[in-house]
Amino acid sequence: MSRFPRPLLLGTHMPINALPDSAIHSKCKIVYMVRNPFDTLVSIWHFMNKLRPEYLGPLSLEDAFDMYCRGAIGFGPYWDHMLGYWRESLRAPQKVLFLKYEEVKENTCFHLKKLADFLGFPFSLEEDEGGAVEGIAKLCSFEKMKDLDVNKTGKGAITAGFENRDLFRKGEVGDWANLLTPLMVKRLTDIMEEKLAGSGLTFGVFCKEKRS
């Protein structure tokens, strides 16, 4: 990696305790994007079926849900994954920027400015007033990325035969409500409230479900 020009940009799904010491103790910045646990479950279920060998047959939502609730998924329990980066962002906010997908999707331009400030490359007044932030938001939108030729017809993003288009499904907030039963919602809500208790990390979806 020393041969590549700086700065480097690397993407990973690894939990923070699996990162090399150089990532933690160097001057590199870490941007962590989290998605609410319900939509994450649905996304993981679809993704696992895309990677699943045909001879095993499709993985049912019920089985995927049970695995998810037990923490038996890639990279370990989702709550541990979130909390690792969340706590580090509180301890070292200049090192780790913790973002929620739902909030970024709701107000993309605000969070683009926040990201630019965090990385040490804030937008100038001229760039802001000239529409640079809005332009980047459109260029990096889910729809734009999904429509790129490399993501429509390309392969190899995960494995040699993996079709890149399978990385892009809906990108919507709240699609879980179309799939999860009330009992599933209650079980997952109870688990997440227990695991995240006292951390300060919350997702509004828990409160919404309890009021309904």
Side-chain angles (χ1 to χ4, degrees), residues 10-19 31-86 98-106 140-196 201 203-206 208-209 212:
L10 300 176
T12 181
H13 286 86
M14 289 193 297
I16 196 165
N17 59 8
L19 296 179
V31 179
Y32 183 77
M33 177 77 79
V34 69
R35 196 174 185 184
N36 80 71
F38 294 86
D39 281 327
T40 297
L41 159 66
V42 173
S43 179
I44 287 176
W45 172 52
H46 282 284
F47 185 68
M48 289 173 69
N49 271 315
K50 294 296 183 182
L51 291 176
R52 192 174 172 88
E54 290 187 9
Y55 70 86
L56 291 177
L59 178 68
S60 71
L61 176 59
E62 291 74 18
D63 287 343
F65 177 79
D66 185 65
M67 293 169 61
Y68 186 76
C69 289
R70 291 186 288 106
I73 58 172
F75 305 103
Y78 189 51
W79 49 87
D80 286 343
H81 203 292
M82 293 187 291
L83 286 172
Y85 285 95
W86 170 251
F98 192 97
L99 299 174
K100 295 179 181 178
Y101 177 81
E102 297 76 22
E103 294 177 352
V104 173
K105 189 174 178 66
E106 183 178 3
C140 299
S141 68
F142 180 87
E143 294 74 19
K144 185 72 173 180
M145 298 290 287
K146 185 176 182 178
D147 197 46
L148 292 175
D149 286 341
V150 68
N151 291 327
K152 290 195 296 184
T153 61
K155 292 184 178 182
I158 304 298
T159 61
F162 185 87
E163 296 189 13
N164 297 350
R165 64 185 179 186
D166 289 334
L167 289 173
F168 299 85
R169 198 172 68 88
K170 293 183 178 180
E172 296 177 357
V173 175
D175 188 44
W176 59 268
N178 299 316
L179 296 165
L180 304 187
T181 67
L183 287 177
M184 286 178 168
V185 173
K186 184 181 186 306
R187 181 183 175 189
L188 187 51
T189 297
D190 290 345
I191 290 173
M192 287 300 168
E193 288 191 335
E194 175 191 350
K195 300 298 184 180
L196 303 182
L201 177 58
F203 295 89
V205 66
F206 298 154
K208 290 177 184 177
E209 282 302 306
S212 61

Engineer: Quick check: closest heavy atoms across Cys69 and Ile191, and the distance to 0.1 Å?
Structural biologist: CB-CD1, 3.5 Å
Engineer: Residues two or more places apart in sequence or in another chain: which of them pass side chain to side chain contact (heavy atoms under 4.5 Å, CB included) with Lys186?
Structural biologist: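 Lys186 satisfies side chain to side chain contact (heavy atoms under 4.5 Å, CB included) with Asp190 only.
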Engineer: Restricting to pairs with a member in residues 58-81, which pass salt bridge (Lys or Arg N to Asp or Glu O under 4.0 Å), not counting sequence neighbours?
Structural biologist: Asp66-Arg70, Asp66-Arg187
Engineer: Please determine whether side-chain contact (heavy atoms from CB on, under 4.5 Å) holds for the pair Val185 and Trp176, giving the CA-CA distance in whole Å, both sets of side-chain angles, and the decisive distance to 0.1 Å.
Structural biologist: CA-CA 9 Å; Val185 173; Trp176 59 268; 3.6 Å; yes
Engineer: Can you measure from OG1 (Thr153) to CD (Glu163) and round to the nearest 0.5 angstrom?
Structural biologist: 9.5 Å
Engineer: Rounded at 0.5 Å granularity, tell me how far CG in Leu188 sits from CG in Asn36.
Structural biologist: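 Those atoms lie 9.0 Å apart.
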Engineer: Is the closest side-chain heavy-atom distance between Thr189 and Glu193 below 4.5 Å?
Structural biologist: yes
Engineer: Return the set of residues passing side chain to side chain contact (heavy atoms under 4.5 Å, CB included) with Phe168 (not counting sequence neighbours), or none when no residue passes.
Structural biologist: Phe142, Met145, Lys146, Asn151
Engineer: Measure the spacing between NZ of Lys105 and CG of Leu99 and express it to the nearest 0.5 Å.
Structural biologist: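 Atom-to-atom, Lys105:NZ and Leu99:CG are 15.0 Å apart.
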Engineer: At what distance, to the nearest 0.5 angstrom, does NE2 of His13 lie from CZ of Phe75?
Structural biologist: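 Interatomic distance, His13 NE2 to Phe75 CZ, rounded to 0.5 Å: 6.5 Å.
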Engineer: I would like to know whether Asp39 and Tyr101 meet side-chain contact (heavy atoms from CB on, under 4.5 Å); could you show each step before the answer?
Structural biologist: CA-CA 10 Å; Asp39 281 327; Tyr101 177 81; over 6 Å; no
Engineer: How far does CZ of Phe65 sit from CG of Leu183, to the nearest 0.5 angstrom?
Structural biologist: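 The CZ atom of Phe65 sits 9.0 Å away from the CG atom of Leu183.
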Engineer: About how many Å separate CG of Leu61 and OG1 of Thr181, when rounded to the nearest 0.5 Å?
Structural biologist: 8.5 Å
Engineer: Show me, pair by pair, the donor-acceptor contacts under 3.5 angstrom made by side chains of residues 42-58, not counting sequence neighbours?
Structural biologist:
residue: Trp45; atom: NE1; partner: Leu59; partner atom: O; Å: 2.7
residue: His46; atom: NE2; partner: Arg169; partner atom: NH1; Å: 3.4
residue: Asn49; atom: OD1; partner: Leu59; partner atom: N; Å: 2.6
residue: Asn49; atom: ND2; partner: Trp45; partner atom: O; Å: 3.4
residue: Asn49; atom: ND2; partner: Leu59; partner atom: O; Å: 3.1
residue: Arg52; atom: NE; partner: Gly57; partner atom: O; Å: 2.4

Engineer: My understanding is that only residues two or more places apart in sequence, or in another chain, count here; which of them pass side chain to side chain contact (heavy atoms under 4.5 Å, CB included) with Thr12?
Structural biologist: Met14, Leu19
Engineer: Heavy atoms, side chains only, cut-off 4.5 Å: are Pro37 and Tyr68 in contact?
Structural biologist: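 The answer is yes, as the side chains (C-beta and beyond) meet within the 4.5 Å cut-off.
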Engineer: List in chain and number order the residues that pass side chain to side chain contact (heavy atoms under 4.5 Å, CB included) with Val34, two or more places apart in sequence or in another chain; answer none if no residue qualifies.
Structural biologist: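 Val34: side chain to side chain contact (heavy atoms under 4.5 Å, CB included) contacts with Tyr32, Tyr78, Met82, Phe98, Lys100, Phe203.
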Engineer: Does Leu41 reach the side chain of Leu179, with side-chain heavy atoms less than 4.5 Å apart?
Structural biologist: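 Sidechains of Leu179 and Leu41: no contact.
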